Amino acid sequence: MMALTKDEILDAIANMTVLELSELIKAMEEKFGVSAAAAVAVAAAPAAGGGAAAPAAEEKTEFDVILQEAGAKKVEVIKIVRAATGLGLKEAKDLVDGAPKPVKEGVSKDEAEKLKKELEAAGAKVEIK
């Protein structure tokens, strides 16, 4: 069995579609019992720390968009979730049916606000954390 190099793995990931990447992340989360958001935060922490302690009142730069409930126009909410996440129809429907659930994690404030407005326009209840 030949092991892939990091570069070969990164090249393979770079050539994936958003949907394939989403499925890969889900598979990794299930296989290793972790959340990709936590893994990214752990990987980014040493680089961001750089020896100096970060100020306690550091402005939050990453936000999670949490779908609290779908509301009356569930089909519209599913369409928005699919467009925002690249999930397939079944996965998006499962996410919406399973509310409260995170739709997107670790996004900018602007992106989080935009997604929240779109979902609320479709009748969903949304929270940004």
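It should be emphasised that the depicted structure is a prediction, and the values quoted were computed from it without experimental measurement. All values below were derived from every heavy atom in this structure, side-chain atoms included, with hydrogens, water molecules and symmetry-related copies excluded. The chain is numbered in sequence order, starting from 1.
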Side-chain donor/acceptor of D64 to backbone N/O of G106, under 3.5 Å: yes
Considering non-hydrogen atoms only, spot the tightest contact between E76 and A122 and give its length. CB-CB, 3.8 Å
What pair of heavy atoms forms the shortest contact from S108 to F63, and how long is it? C-CD1, 4.0 Å
Let's go through L115 and K104 carefully: what are the C-alpha distance in whole Å and the side-chain angles of both, what is the deciding distance for side chain to side chain contact (heavy atoms under 4.5 Å, CB included) to 0.1 Å, and is it a yes or a no? CA-CA 9 Å; L115 182 55; K104 280 196 109 172; 4.1 Å; yes
For E113 and D110, indicate whether the former's side chain and the latter's backbone hold a donor-acceptor pair under 3.5 Å. no
Connected via hydrophobic side-chain network under 4.5 Å: L87 and V107: yes
Mind checking the CD1-NZ spacing from I128 to K116? Nearest 0.5 Å is all I need. 5.0 Å
Which is it for L95 and V103 under the side chain to side chain contact (heavy atoms under 4.5 Å, CB included) test, yes or no, and what are the steps along the way? CA-CA 8 Å; L95 188 152; V103 177; 4.0 Å; yes
Step-by-step side chain to side chain contact (heavy atoms under 4.5 Å, CB included) determination, D97 to K74: CA-CA 9 Å; D97 287 343; K74 192 160 100 176; 2.7 Å; yes
Restricting to non-hydrogen atoms, name the atom on G88 and the atom on R82 that form the minimum distance, rounded to 0.1 Å. C-NE, 3.7 Å
The test is side chain to side chain contact (heavy atoms under 4.5 Å, CB included); show your working for E91 and K26 and say whether it passes. CA-CA 11 Å; E91 292 83 0; K26 257 195 210 136; 3.3 Å; yes
Short N-O contact, K101 and D94, less than 4.0 angstrom: no
Measuring from L119:CG to E69:CD, what's the distance to the nearest 0.5 Å? 12.5 Å
Taking K93 for the side chain and I78 for the main chain, is one N or O donor matched with an acceptor at less than 3.5 Å? no
